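When a ligand or atom number is given, it counts from 1 through the structure's own listing order. What you are looking at is a predicted structure, and each value in this text was computed from that prediction instead of being measured.
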Amino acid sequence: MEYILYEVNGAVATITINREKALNALNSQVLDELNETLDNVDLATVRCLILTGAGEKSFVAGADIGEMSTLTKAEGEAFGKKGNDVFRKLETFPIPVIAAVNGFALGGGCEISMSCDIRICSDNAMFGQPEVGLGITPGFGGTQRLARLIGAGMAKQLIYTARNIKAPEAYRIGLVNQVVSAEVDEAGNVVKSAKEALMEAANKMASTIAANAPIAVRNCKKAINDGLQVDMDKAIVIEEKLFGDCFETEDQKAGMGNFLEKDKEKKLKVVPFKNC
Ligand code: DAK
């Protein structure tokens with residue numbers, strides 16, 4: 001693949017959008033390759049996915065403006081569908097996806113990060129939906145996911161004003177879960193760049209997730225995602241069903257068995273993924 005790197009480390013896989021010269025902007029080829037990569041993730045062994053951008057400067061600086069500028073209405077619609085299908089695939093991916101946001105996350109970049117379950121960013125990250133300045137609306141779910149994540153009022157303000165926000169503000173309004181800084185020694189020398197520290201934090205969180213019972217983690221993702229689409233009476237039924245699904249699995253037997261045996265070491269052991 002030209003624009004996607006895929007790396008597996010135990011139960012954690014990392015997808016890197018690797019188009020650094022264009023600040024990892026999303027063109028059709030990137031979207032196609034991302035789609036194919038997701039289809040080939042080995043869900044029998046991988047338990048958590050990290051999505052990031054190549055380099056220190058940018059996660060994804062949006063959809064490719066050069067490619068979009070000449071699209072006809074029909075081509076624009078096809079491009080939009082391609083993006084939306086991949087973003088939805090990420091959002092409903094059976095295992096958790098962490099966006100490690102290493103710099104600009106603008107337009108489609110902010111939108112793809114919002115399709116992930118969790119966002120961690122470096123302190124040089126910048127988020128925004130600048131589309132109205134380009135004469136379009138956010139088209140990869142930005143109007144929908146931003147409002148659901150940070151509330152309608154704040155989402156409307158950011159989208160109408162096309163104002164970009166820095167990492168501390170993104171954290172304050174709940175758009176990101178964690179902000180990670182470069183590590184410096186006492187003399188002020190950088191011992192770990194912001195990107196390195198970010199990837200370390202993302203891998204740490206991913207490993208913690210991956211060490212938990214995989215069927216239960218998958219069912220939690222589905223319960224939260226599906227439950228948010230319906231009213232509470234229906235949402236509770238969704239949770240009941242997914243809760244019930246955990247029983248008689250090896251995860252549940254081992255998890256509860258270890259607790260009852262007071263075997264803390266064993267409790268942390270990863271059980272094989274079965275019964276999915
Ligand atoms: N597309 C294409 N190329 C991009 C790009 C982008 N979004 N962002 C940056 N680049 C390229 C630049 O053209 C430049 O290429 P060269 O000139 O070196 O060949 C290279 O990356 C480095 O960028 P700069 O020289 O501009 O770097 P700076 O540090 O000066 O500025 C910046 C960084 C991120 C502030 C600036 O590049 C910038 O403002 N970029 C555009 C950000 C933006 O507006 N993003 C939102 C794009 S709109 C749709 C669904 C979704 C969408 C559209 C339609 N449908 C349903 C149909 C989504 C729309 C968007 O995402």
### Query
Which atom names give the shortest non-hydrogen contact between Phe140 and Asn84, and what distance separates them?
CA-OD1, 3.3 Å
### Query
Would you call Arg88-Glu91 a salt bridge at under 4.0 Å N-O?
yes
### Message
For residues 208-250, which residue pairs pass the ring-ring contact (aromatic ring centres under 6.0 Å, His included) check, not counting sequence neighbours?
### Response
Phe243-Phe247
### Task
Could you point out which residue of Glu111, Met154, Met114 forms a side-chain contact (heavy atoms from CB on, under 4.5 Å) with Leu146?
Met114
### Message
So if I only count non-hydrogen atoms and take anything under 4.0 Å from ligand 1, which residues does that give, chain by chain?
### Response
Lys21, Ala22, Leu23, Ala25, Lys57, Ala61, Gly62, Ala63, Asp64, Ile65, Met68, Gly76, Gly80, Phe104, Leu106, Gly107, Gly108, Pro130, Glu131, Leu134, Ile136, Gly139, Phe140
### Asn124 side chain to Ser122 side chain, donor-acceptor N/O pair below 3.5 angstrom
yes
### Query
Do Ile224 and Val230 share a hydrophobic cluster, counting only Ile, Leu, Val, Met, Phe, Trp and Tyr and linking them when any side-chain heavy atoms are less than 4.5 Å apart?
no
